[in-house]
Amino acid sequence: MSAMDPRKKRIHIRTDVLVNGQKRAEALDLSEDGMYVFTSHTFIEGVNISLEFVLDLDSYDMRATIRHTQHGVGFGVQFVDMDGDSASRLRNYVDTH
């Protein structure tokens with residue numbers, strides 16, 4: 001999938017996210033192919049990052065590309081290189097919440 005599909009279901013969440021194993025942030029919304037991360041740290045569009053987070057005691061370690069940024073507010077990402085298990089678990093979480 002080359003671009004996030006705006007028609008996909010998005011849910012509001014509040015969960016801690018660790019960006020690149022160092023910076024703490026908070027996820028504010030989630031879809032099966034991306035999320036919005038609230039942080040005052042500055043990131044650059046197009047950069048690949050790693051995200052670690054937990055949803056209902058289920059841990060995720062995802063790779064993502066930053067698709068858009070809002071300076072001082074946060075950034076939106078698209079997940080990339082998801083394995084089938086992670087994609088299935090994430091889709092199920094979004095569908096049931």
Side-chain angles (χ1 to χ4, degrees):
M1 191 176 302
S2 62
M4 290 178 61
D5 186 342
R7 296 167 296 180
K8 293 237 172 127
K9 180 180 177 182
R10 298 190 78 77
I11 60 171
H12 295 286
I13 62 171
R14 290 188 78 102
T15 191
D16 292 334
V17 178
L18 188 61
V19 181
N20 291 335
Q22 299 176 350
K23 298 192 182 329
R24 297 217 176 269
E26 184 176 32
L28 297 181
D29 79 13
L30 176 72
S31 74
E32 65 183 75
D33 52 319
M35 73 172 30
Y36 189 86
V37 179
F38 177 72
T39 180
S40 60
H41 296 284
T42 301
F43 289 86
I44 300 169
E45 288 182 22
V47 171
N48 289 328
I49 60 172
S50 66
L51 300 170
E52 297 172 43
F53 55 95
V54 175
L55 302 170
D56 286 347
L57 305 176
D58 197 8
S59 297
Y60 292 83
D61 187 359
M62 309 289 277
R63 302 270 309 139
T65 300
I66 298 175
R67 293 294 178 202
H68 64 89
T69 62
Q70 292 177 285
H71 182 69
V73 178
F75 56 87
V77 300
Q78 179 181 3
F79 300 131
V80 295
D81 301 328
M82 268 195 291
D83 62 68
D85 179 56
S86 294
S88 177
R89 290 184 297 131
L90 194 57
R91 184 177 312 108
N92 184 54
Y93 183 87
V94 170
D95 286 345
T96 59
H97 287 81

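Numbers for residues simply follow the sequence, beginning at 1. This one's a predicted model, so the numbers in the text were calculated from it and none came from an experiment.
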Is there a path of hydrophobic side-chain contacts, each under 4.5 Å between heavy atoms of I/L/V/M/F/W/Y residues, joining Leu30 to Leu28? no

Output for pair (Thr42 OG1, Gln70 CD), nearest 0.5 Å, gives 12.5 Å

Under a 4.0 Å N-O cut-off, is there an ion pair linking Arg63 with Asp81? no

To the nearest 0.5 Å, atom OG1 of Thr39 lies from atom CZ of Phe75 at 6.5 Å

Separation between OG1 of Thr69 and CZ of Phe43, rounded to the nearest 0.5 Å: 10.5 Å

Single-linkage hydrophobic cluster Met62~Val47, side-chain heavy atoms < 4.5 angstrom: yes

Interatomic distance, CZ@Arg67 vs CD@Gln78, rounded to 0.5 Å, equals 4.5 Å

In one Ile/Leu/Val/Met/Phe/Trp/Tyr side-chain cluster, 4.5 Å: Tyr93, Val77: yes

Judged by atom type as modelled, is there a donor-acceptor pair below 3.5 Å linking the side chain of Ser86 to the main-chain atoms of Met82? no

No-hydrogen, no-angle side-chain donor-acceptor test under 3.5 Å, Ser88 and Asp85: no

Exercise answer: donor-acceptor pairs, residues 11-20 side-chain atoms, under 3.5 Å, sequence neighbours excluded:
residue : atom : partner : partner atom : Å
Arg14   : NE   : Glu26   : OE2          : 3.2
Arg14   : NH2  : Glu26   : OE1          : 3.3
Arg14   : NH2  : Glu26   : OE2          : 3.4
Thr15   : OG1  : Val54   : O            : 3.0
Asn20   : OD1  : Ser50   : N            : 2.9

Walk me through it: do Met35 and Leu51 pass the test side chain to side chain contact (heavy atoms under 4.5 Å, CB included)? CA-CA 10 Å; Met35 73 172 30; Leu51 300 170; 4.1 Å; yes

Hey, could you give me the CG/CG distance between Leu90 and Leu55, rounded to the nearest 0.5 Å? 7.0 Å

Are Asp58 and Arg89 ion-paired here, with the side-chain N under 4.0 Å from a carboxylate O? yes

Is the backbone of Asp33 close enough, under 3.5 Å, to the side chain of Ser31 for a donor and an acceptor to pair up by distance? yes

Which residues satisfy the ring-ring contact (aromatic ring centres under 6.0 Å, His included) test with His41, sequence neighbours excluded? none

Can a donor-acceptor pair be found, under 3.5 Å and without considering hydrogens, that links the side chain of Lys9 to the backbone of Val94? yes

Taking Asp29 for its side chain and Tyr36 for its backbone only, find out whether a donor-acceptor pair lies under 3.5 Å. yes

